[in-house]
Structures are given as structure tokens and as C-alpha cells.
Trainee: 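Encoded as C-alpha cells, here's the structure I'll be asking about.
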Amino acid sequence: MSAVPLDYETLRLIWWALLGILLIGFAIMGGMDLGVGALLPAVARTDEERRVLLNLVGPTWEGNQVWLVLGGGAIFAAWPPLYAASFSGFYIAMIAILLALILRPVGFKFRGKVANPRWRQVWDWALFVGGFVPALVFGVAVGNLFLGAPFRLDETLRVSYEGNFFGLLTPFALLAGLVSLAMLATQGASVIFARTEGPMAERARVLGGWAALTTLVLFALGGLMALLVLDGYSITSAINTAGPSNPLAKTVVLEPGAWRANYGTIPGMVLVPILAMAGSLLAWWALGARRKLLAITGSSLAILGIIATAGLTLFPFFMPSSIDPQSSLTVWDASSSQLTLFIMLLATLVFLPIILVYTAWVYRVMAGPVTTTSLNRNPNAY
Amino acid sequence: MVDPVVVDLSRLQFAATAMYHFIFVPLTLGLSLLMAIMESVYVMTGRKVWRQATLFWGVLFGINFAMGVATGIVMEFQFGMNWSYYSHYVGDVFGAPLAIEGLMAFFLEATFIGLFFFGWDRLKPVQHLVVTWLTALGANFSALWILIANGWMQNPVGARFNPDTMRMEITDFMAVIFNPVAQAKFVHTVSAGYVTGAVFVMAVSALFLLQGRHQELAKRSMVVAASFGLASALSVVVLGDESGYVATEHQKMKIAAMEAMYETEPAPAGLTLFAVPGADNRAAFEVKFPWILGLITTRSLDRDLPGITELTEHAAQRIANGVTAYGALQAIKADPEDAQARATFRATQADLGYGLLLKKYREDVQNATGAEIAQAALDTVPDVWPLFWSFRIMVAIGFFYIAFFALWFWKASRHRLDSSPLLLKAALWTMPLPWVGVEVGWIVAEYGRQPWVVEGVLPTFYAASGLNYWDLVISLSFFVALYSALLAVMAWLMVRVIATGPSEKLSIGLFDPAEPSPLPQPAQ
């Protein structure tokens with residue numbers, strides 16, 4: 001252990017931040033593709049329009065989805081108890097997300113291979129479900145983190161769960177799901193508006209404006225609910241931020257207003273939800289004013305602000321337990337060992353910059369309008 | 001304890017999703033490299049037929065790749081969903097290679113695959129070639145890291161149990177990476193993928209030659225596939241032998257079960273060619289080659305190869321030792337400062353996993369009876385006959401492909417690829433064999449590891465999530481239905497693409513944009 005040059009507390013904080021960065025990366029990058037999928041039937045009416053949309057995100061969506069895959073891998077490697085409790089606890093919700101995500105690669109690939117309109121309609125639905133369902137259910141899952149999940153850990157740290165899928169569908173969680181859906185729809189609409197022309201771009205512009213306003217209003221509503229109405233969780237025992245990862249070593253209570261605690265400790269934190277709302281507002285204004293780049297910027301800032309708000313408000317909690325608060329998983333007791341966190345940090349520091357460089361290169365190569373000629377000549381076009 | 005029905009359904013679901021996923025993975029591994037080789041020849045020679053070949057195989061590759069992505073994302077999430085105690089217990093070790101796979105391999109593969117398909121008319125030929133190689137490299141890196149993770153499940157090196165966190169933790173990451181089991185498995189598995197890709201190219205090209213279509217493209221593809229396939233088939237068998245040798249060091253029970261070898265054979269042990277199961281599951285009749293097994297597995301003439309009976313007795317001792325370890329762990333939990341309990345635990349912790357086998361029979365493992373220990377020791381024997389036959393089918397297919405590619409290599413070097421319609425038909429109709437080989441190979445590796453999910457560390461039944469029966473019924477039926485439907489659609493699409501064949505007009509950038517598109521257009 002002494003061989004690790006960074007202390008445990010710092011490593012845990014770094015990995016808490018890195019997890020946030022990966023999720024934000026996925027929401028911004030993959031959010032474009034999920035948003036486009038969710039808007040597909042509404043924005044693109046003819047087959048030609050739909051093909052333009054699919055080929056707009058087609059060359060890059062697979063790379064974007066790796067942000068999600070890596071997010072899953074990072075939770076597994078850096079936060080194993082969280083990976084174990086959340087993925088099994090939200091089982092049916094996860095299955096819904098997976099079935100929807102399965103439809104995406106095949107939807108993209110198979111749709112254009114056959115000219116039959118019926119065939120294409122089937123895959124249009126698949127792509128719509130593949131965008132809409134994950135966008136909604138991810139939000140519902142995050143909403144449930146604020147409420148606490150009905151799980152407990154036994155003395156061997158085995159997790160058992162006393163809820164079912166329908167228990168996840170509380171008003172606050174559904175509100176969180178709608179925030180997620182609206183925010184990713186804004187992102188998708190901004191990209192469509194920026195990179196297409198004609199009536200489709202116009203439809204995306206109008207819809208995107210509404211989605212941005214909806215994001216703003218629902219996020220503000222959800223924020224007020226979380227801070228003023230919901231009971232939050234707080235740790236009541238002494239915290240050993242460098243202790244072994246055993247959640248049962250602490251005590252936790254459910255108390256009104258606990259989700260306000262962090263804003264009391266660091267008042268400047270309030271800038272983060274303000275950033276979220278300002279981002280939505282900017283996206284709304286930019287779409288109205290036909291400012292392409294600003295629309296994407298505003299929408300991305302909103303995503304950044306919304307996810308960061310959730311993470312900072314919950315901190316140090318990841319996943320509180322509603323039936324056995326002591327079992328709650330926090331930054332200080334749900335991590336990997338110090339050595340694993342350090343090795344993973346090294347791997348991330350080496351590979352993440354390389355990934356960013358080649359992703360940027362690919363976006364540069366693929367920049368520019370999607371033309372019908374290129375679509376009709378490439379046997380791999382969607 | 002988790003309901004045994006839930007455990008069985010969880011295993012069935014993991015097996016089903018992994019085996020579906022592994023229909024597409026080997027073809028991705030093999031075809032990506034074959035395409036990279038063909039495109040390299042195009043860039044070096046400038047001959048258009050090589051570019052056309054790369055594009056044509058690329059279309060088939062793309063359809064297959066989409067299925068690989070669709071079934072692959074499920075794999076990463078399933079550990080947490082269905083195997084939550086496994087995820088908690090070994091996530092500190094197992095999660096790291098999986099996350100590095102994402103960083104090093106998935107990003108590379110998934111980012112450049114888009115450019116492979118869409119970059120033809122946006123990149124210079126050399127640039128596009130680099131993109132193709134990077135895609136292939138990404139696929140192979142991915143295999144490396146997932147097999148490092150899997151190798152650790154077979155031979156859990158470089159980690160130790162931590163009583164304070166109740167899980168295995170990394171002590172030596174280099175040992176995990178350079179695990180000999182992982183290294184042998186990696187080369188064995190990717191080579192099997194290369195064989196699959198080569199067989200696929202051979203079979204489709206053989207069809208073209210039989211039909212008298214696209215002969216130039218077909219012959220050139222066959223030359224590449226035959227030489228690449230021969231090297232790969234040799235590599236599969238050699239590294240398969242290496243896997244067998246390392247397994248003898250670390251998984252003696254698996255080897256004994258694969259051979260249905262109940263009694264320890266005096267050195268050097270004979271290799272059973274085939275056998276007929278009789279009473280007590282033992283062989284009633286068998287045909288054996290003397291010496292061969294001992295030579296393969298121990299690479300010596302004087303080391304005994306232990307049989308199942310001897311290994312079961314050995315397991316019983318380790319279980320008894322595991323009971324002591326478990327008792328010490330309970331004492332540590334009651335009083336974390338108990339120095340004597342910690343000392344006892346350190347001395348016996350290597351067998352803690354064996355102690356956990358008793359969880360099937362009682363919660364308080366420390367009070368296990370001799371009868372229960374004997375029963376648990378019998379549980380360490382995997383199902384002998386499925387392994388015995390899976391192993392033989394796999395080996396037979398491996399050797400078949402050495403002969404197959406040697407023959408085609410010889411025919412290619414004599415420029416007589418289309419001289420025998422019978423051989424072309426054989427190449428076409430044996431196309432499914434590599435998939436049979438890789439799937440039974442998966443059974444040998446994973447079913448042969450039972451009852452362990454991590455050999456000697458964590459029993460499978462103890463690792464499952466405590467889900468409810470209906471959760472599993474719902475998810476398993478959805479997966480099977482959706483995967484089967486998609487598989488059928490994929491096969492149908494591939495047949496269509498092959499029936500259409502490589503069209504000159506589909507070579508991007510080589511045609512007049514004023515012409516109507518040769519691609520399917522929706523009816524107006």
C-alpha cells in the first residue's frame with residue numbers, strides 16, 4: 001500500500017470526479033445520438049429525411065456510446081459495491097435500457113439495407129425506442145438515488161433488495177426521467193438544427209426550443225423538490241475518508257433538508273445549478289436566434305450543470321438505502337482498494353488524452369454536410 | 001442463500017448471452033485483419049480489385065459488427081445485474097482489465113469503425129489504411145483485456161482476500177496482466193477468430209467460384225485467406241496445447257474431467273481418443289493412445305497426472321482447511337483486533353474459497369460435519385461427459401482446419417483454386433464448423449471451471465444476485481427472443497449481400513455521380 005504515491009482520500013475524490021466526467025461525456029456525446037433517436041419520428045417525416053439524420057450521427061455514434069460502456073467499466077473497477085448494488089437493484093430498469101440499446105446498432109445497420117418501406121418503418125421504431133427509453137430510464141434511476149433504494153447489506157456485504165420495478169416510478173423519479181429526456185432531446189435537436197437544412201432543421205429548431213424550456217422548468221421544479229420537500233440522508237458517525245471500503249462501519253439517518261447540507265457548507269456550489277439553468281436558457285435563445293454553435297454549447301452546458309448538480313447534492317452519497325440507511329454507499333466506503341484506484345488512474349491519464357485526440361480528428365474528418373450523393377454511393381451508408 | 005433455481009437461470013442467461021455474443025466476435029477478429037491485409041495490398045499495388053474486395057468484405061463485416069456491438073453491451077452490464085456478489089467480491093481485480101479494455105480497445109475500435117465505413121472518400125488511401133488497421137487493432141486489444149480478465153477467473157493470481165472489506169483485492173497488477181493462463185488463452189482465442197474469418201472468406205469465395213461470379217475477387221480473397229488461415233490454424237492448436245499445459249499447473253480437475261480420468265494414471269498418461277460412458281459415469285470402454293496425454297500436459301515422461309478420485313480427496317483437505325479459515329474470519333469480524341484470528345486466517349486464507357463451497361449445505365460453515373465436507377468435495381468435480389466430448393470436438397475441428405488450409409494453400413500456390421468443384425463445395429458446406437469449434441471451446445473453458453466462478457476462490461452458486469425468479473424469466477425470454485430474431489435477420493441480410501455480390505458501382509469514388517444509385521431505394 002505504501003507504494004501508492006497518492007493517499008486514499010484523494011484517489012477516492014478523483015474517481016468520484018472522473019465518474020462524473022465520464023457520465024457527462026456520455027450525456028453530451030451519446031446524448032446527441034439518443035436525442036436524435038428520440039426525435040426521429042417527430043423531426044424527420046420522409047425516408048430521405050430520416051436517412052440524412054441517421055447518417056448525420058451514423059459515423060460517430062459507436063464511439064460516443066463507448067462513453068457509457070466506459071462509465072459502466074469505471075463503476076465496476078472503481079466502485080464495485082455501487083456497481084453490484086445499483087445494477088442488480090435496478091434490474092428490470094437495466095434490462096429495459098439494454099433491450100433498447102441492443103436495438104440501436106442493428107437499427108442503424110440494417111435499416112438501409114432493404115428498400116421496403118415497411119422494413120424501414122420497423123427499424124425507425126427500433127431507433128426511436130433505442131433513443132427514448134435509455135434517455136428516460138437513466139433519469140429515473142438517478143432520481144431514485146435521491147430517494148434511496150430499498151436494499152440492505154448483510155455482514156458478508158451481500159446486497160439484497162426489497163423493491164420492484166414499479167417501486168422506482170415515484171413522482172420525483174419520473175420528474176428526473178423527464179428532465180433527462182428533455183435535456184437529451186435539446187441536445188439532439190441542436191445537432192440536427194446545426195447540421196441539416198430545410199424543413200427538417202426548422203422542425204428541430206422549434207422542438208429544441210420547447211425541449212430547452214422544458215428542461216429548465218422541470219429541473220428547477222425537481223431542484224426545489226429535492227431541497228425543500230424530500231428528506232435527505234446524512235452520515236452521523238465519524239467519517240474515516242481513508243478507511244477500508246466497508247459501508248457497515250458508519251451510521252446514517254434520513255432527515256428533512258439533508259440534501260441542502262452541501263450548499264450550506266460551500267455556498268458557491270449554487271453556481272452549478274445556475275449554470276444548468278443558464279445553459280438551457282442559452283440553448284433556448286440560440287435556437288430562437290438561429291445560432292447553431294451557441295445552441296449546442298448551451299445544451300452541453302445544461303447537461304454538464306444538471307449532472308454535476310446531482311453529483312454535488314448527493315455527495316458523499318452515491319446510493320443511499322431507504323430501508324437500512326447504514327448500508328448506504330458513499331464515496332468513502334464503496335470504492336476499490338487504493339492500489340486499484342491508482343492503477344486505474346494511471347491508465348486513464350495515459351489513454352484519455354489519446355482518445356480525445358483521435359476522437360477530435362475523426363469529427364474533423366467527418367465534419368461538413370451529409371449529401372445525398374455520398375449516401376447513395378456508399379454501401380455502408382445507413 | 002440465493003435460490004438455486006435463480007442461480008441456474010442466471011447461469012443459463014449468462015451462457016446464452018455469452019455464446020450468442022461469441023457468434024460475432026470471432027468473425028470480427030478474423031475479418032478485420034483480413035480486410036486490413038487486403039487493403040494493404042491495394043495501397044501497395046494500387047490495383048482496384050483489392051479495394052473492391054476490402055469494400056465487399058467490409059459490408060459483411062459491418063452487419064456482423066453491429067450484432068457484436070448489440071450483444072456486447074449486455075455482457076459488461078450483466079456482471080453487476082446477475083452476479084452482484086461476484087462483482088463485489090472480485091470487482092477490485094476483475095473490474096480493472098474490463099475498464100482498461102474500454103479505454104484502450106473499445107474507444108479505438110468504435111471510433112475508427114465509423115471512419116472505416118464513411119471515410120473512403122474523405123481520406124487518402126494510406127490514411128484509410130491506417131484507420132482499417134486501427135479498427136482491427138482495437139478488436140484485438142479488446143480480446144486481450146477480456147481474456148486477461150477471464151484468465152484471472154481461471155487462475156486468480158496477484159490478489160488477496162481482505163477481511164475488512166470482505167473481498168479479493170489486487171496485490172500485484174503485473175501478475176494479473178502477465179498471467180500465463182491469460183496469455184495462452186489470448187493467442188488461442190484470437191487465432192480461433194482468425195480461422196473463423198478465414199473460413200468465412202474461403203466459403204463465400206468458393207460459392208462465387210462455383211457460380212462462376214466475381215472470380216478475380218474470389219481467387220485473390222482465397223489466396224489471402226488460405227495463407228492467413230493456415231498460420232492461424234497452426235497457432236490455435238499450438239496455443240491450445242499451451243493452454244492445456246498451463247491448465248495442468250492450475251486446473252488439474254478440469255484436465256481430469258476433460259479426459260474422464262477417474263484414477264491417477266502412472267506417468268506418462270495415455271490420451272483417450274474416445275470412450276463410452278458406463279456405470280458411475282465412468283468409461284465402460286475406451287480407446288487410448290499411450291503416453292500422449294502425459295506428454296502434452298506435463299511435457300515429461302515421469303510426472304503423474306492426478307485422476308478425479310485423487311483430486312477429490314485433495315479438495316476435501318482444502319475444504320477442511322477452508323472451514324478453519326472461515327472460522328478465523330468470523331472471529332476477526334467479531335473482534336477486528338484479534339491478532340491470533342488474523343494469524344490463523346493468514347495461514348489458511350488460500351482455502352477460504354473451498355470453505356465457501358459448504359455454504360450450499362449450511363450457513364455456519366465453521367460447524368460443518370465430515371459428511372458435508374465429503375459432499376462438498378464431490379461438488380468440485382465438473383460434469384465429465386459434456387466436457388469430454390466438447391474437448392474432442394474442439395480438437396478435431398482444430399486439426400481439420402490445419403489440413404483444410406494446408407490443402408488450399410497448396411492449391412493456391414499452384415494457381416488451381418477452382419480446379420475441383422467438389423473441394424469448393426466442401427469449403428462452402430463446412431463453413432459452420434469454426435463456430436462449433438469456438439462454442440464448444442467456450443464450454444470446455446467455462447463449464448470445465450465449475451463449480452467455481454473464480455477457480456478456488458468463489459463458488460458460482462455463491463456469486464449470483466438474489467434476484468427474484470420472475471426477473472430472470474422476463475430477462476432471459478426477452479434476450480433469447482430478441483437475439484434469435486436479430487440473428488435470423490442478420491443471416492438473411494448476409495445472404496442477400498452475398499447474392500448481390502461485390503458491385504463495381506459500389507466502390508465509392510470510382511463512378512459517375514450522375515448515374516442512378518445502385519443501392520436499394522425506397523419505392524416512391
Side-chain angles (χ1 to χ4, degrees), chain A residues 47 59-60 62-63 65-66 69-70 72-74 76-77 80-81 83-85 87-88 91-92 94-95 98-99 101-102 105-106 108-110 113-115 117 120 155-160 244-246 336-337 339-340 343-344 347-348 351 355 358-359 362 365-366 373-374 376-380, chain B residues 55 58-59 62-63 66-67 69-70 73-74 76-77 79-81 84-85 87-88 91-92 95-96 98-100 102-104 106-107 110-111 113-115 117-119 121-123 164-166 169-170 173 333 465-467 471 475 478 482 486 489 493 506 508 511 513 517 519-523:
Chain A
D47 181 68
T60 42
E62 270 157 329
Q65 177 149 302
V66 182
V69 175
L70 188 59
F76 197 175
Y83 176 77
F87 282 40
S88 64
Y91 188 77
I92 293 292
M94 292 301 300
I95 289 287
L98 284 180
L99 292 175
L101 291 180
I102 289 171
V106 287
F108 274 110
K109 202 72 197 178
F110 292 178
K113 295 270 185 262
V114 179
R120 294 200 169 180
E155 53 158 19
T156 64
L157 301 186
R158 178 185 294 275
V159 56
S160 57
S245 282
N246 188 332
S336 289
S337 65
L339 181 60
T340 297
I343 292 166
M344 291 304 305
T348 309
F351 288 110
I355 291 166
Y358 64 62
T359 303
V362 169
V365 172
M366 292 313 302
T373 316
S374 67
N376 287 337
R377 296 299 165 182
N378 185 344
N380 297 303
Chain B
L55 267 166
V59 174
I63 295 171
M67 290 294 289
V69 174
I73 190 158
V74 175
E76 188 178 17
F77 287 48
F79 297 109
M81 291 166 64
S84 57
Y85 201 61
S87 304
H88 154 74
D92 193 73
L98 224 61
I100 297 176
L103 280 167
M104 186 171 169
F106 288 153
F107 261 116
T111 307
I113 190 107
L115 215 47
F117 289 128
F118 289 86
D121 50 0
R122 291 175 187 251
L123 295 169
D164 299 317
T165 54
M166 289 300 292
E169 292 183 354
I170 284 190
F173 191 59
K333 262 189 267 171
S465 298
L467 294 167
D471 287 340
S475 60
F478 268 116
L482 185 60
L486 291 177
V489 173
L493 277 177
L506 281 184
I508 303 142
F511 47 83
S517 165
L519 283 166
Q521 296 292 315

Trainee: Shortest non-hydrogen contact from B/Thr165 to A/Ser245?
Mentor: CG2-N, 3.3 Å
Trainee: Could you state the interatomic distance from CD1 (B/Ile170) to CD1 (A/Ile343), rounded to the nearest 0.5 Å?
Mentor: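 The CD1 atom of A/Ile343 is 4.5 Å from CD1 of B/Ile170, to the nearest 0.5 Å.
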Trainee: Heavy atoms only: give me the nearest B/Tyr85-A/Thr156 pair and the separation to one decimal.
Mentor: OH-O, 2.7 Å
Trainee: A/Val106 versus B/Val489: any side-chain heavy-atom pair under 4.5 Å?
Mentor: no
Trainee: Are side-chain heavy atoms of B/Phe117 and A/Lys109 found at a separation under 4.5 Å?
Mentor: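 Yes, at least one pair of side-chain atoms sits under 4.5 Å.
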Trainee: If you count the non-hydrogen atoms of other residues, nucleotides and ligands that lie under 6.0 Å from CZ in B/Phe478, is the total more than 12?
Mentor: no
Trainee: Restricting to non-hydrogen atoms, name the atom on A/Val365 and the atom on B/Arg122 that form the minimum distance, rounded to 0.1 Å.
Mentor: O-NH1, 3.2 Å
Trainee: Identify which part of A/Gln65 has an atom lying under 4.5 Å from any heavy atom of chain B, answering side chain, backbone, both or neither.
Mentor: side chain
Trainee: Output the option from A/Leu99, A/Asn246, A/Thr60 having the highest count of non-hydrogen pairs under 4.5 Å with chain B.
Mentor: A/Leu99
Trainee: Would you indicate whether the side-chain heavy atoms of B/Phe79 and A/Phe87 approach each other to under 4.5 Å?
Mentor: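 They are not in contact (no side-chain heavy atoms under 4.5 Å apart), so the answer is no.
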Trainee: Do you know which of B/Lys333, B/Met81, B/Met166 has the most heavy-atom pairs under 4.5 Å to chain A?
Mentor: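 Going by pairs under 4.5 Å, I would pick B/Met81.
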Trainee: With only heavy atoms counted, which part of A/Leu98 is less than 4.5 Å from chain B, the side chain, the backbone, both or neither?
Mentor: side chain
Trainee: Once side chain to side chain donor-acceptor pair (under 3.5 Å) is applied, do any residues pair with A/Tyr83, and if so which ones, sequence neighbours excluded?
Mentor: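 Here no residue qualifies.
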Trainee: Any side-chain heavy atom of B/His88 sitting closer than 4.5 Å to one from A/Val159?
Mentor: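 No - every pair of side-chain heavy atoms lies 4.5 Å or more apart.
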Trainee: Of the backbone (N, CA, C, O) and the side chain (C-beta and beyond), which part of B/Leu493 lies under 4.5 Å from a heavy atom of chain A, both, or neither?
Mentor: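 Contact with chain A involves the side chain of B/Leu493 alone.
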Trainee: With only heavy atoms counted, which part of B/Ile73 is less than 4.5 Å from chain A, the side chain, the backbone, both or neither?
Mentor: both
Trainee: Between B/Leu103 and chain A, which part of the residue has a heavy atom less than 4.5 Å away: side chain, backbone, both or neither?
Mentor: both
Trainee: Given A/Tyr91 and B/Ser475, is the side chain to side chain donor-acceptor pair (under 3.5 Å) satisfied, shown in steps?
Mentor: CA-CA 9 Å; A/Tyr91 188 77; B/Ser475 60; 2.6 Å; yes
Trainee: Side chain, backbone, both or neither: which part of B/Ile63 has a non-hydrogen atom closer than 4.5 Å to chain A?
Mentor: both
Trainee: Which answer fits A/Ile95, side chain, backbone, both or neither, if we ask what part of it has an atom under 4.5 Å from a heavy atom of chain B?
Mentor: both
Trainee: I'd like to know which of B/Gly114, B/Gly102, B/Ala70 tops the heavy-atom pair count under 4.5 Å against chain A.
Mentor: B/Ala70
Trainee: Listed by chain and number, what are the side chain to side chain donor-acceptor pair (under 3.5 Å) partners of B/Glu76, not counting sequence neighbours?
Mentor: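 Applying side chain to side chain donor-acceptor pair (under 3.5 Å) to B/Glu76 gives none.
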Trainee: Does the side chain of B/Met67 reach to within under 4.5 Å of the side chain of A/Phe110, using non-hydrogen atoms?
Mentor: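 Sidechains of A/Phe110 and B/Met67: in contact.
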Trainee: So which of A/Ala347, A/Gly72, A/Gly63 has the biggest tally of heavy-atom pairs under 4.5 Å with chain B?
Mentor: A/Gly63
Trainee: For the candidates A/Ser160, A/Gly73, A/Ser88, which exhibits the highest count of non-hydrogen atom pairs separated by less than 4.5 Å from chain B?
Mentor: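 Highest number of heavy-atom pairs under 4.5 Å: A/Ser88.
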Trainee: Donor-acceptor pair, distance only, cut-off 3.5 Å: does the side chain of A/Thr340 make one with the backbone of B/Asp92?
Mentor: yes
Trainee: Indicate the atoms forming the closest heavy-atom contact of A/Pro59 with B/Phe118, along with that distance.
Mentor: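 Closest approach of A/Pro59 to B/Phe118, heavy atoms only: CG-CG, 3.7 Å.
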Trainee: Do you know the tightest heavy-atom contact between A/Ala74 and B/Ala99?
Mentor: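 For A/Ala74 and B/Ala99, the tightest heavy-atom pair comes out as N-CB, 4.3 Å.
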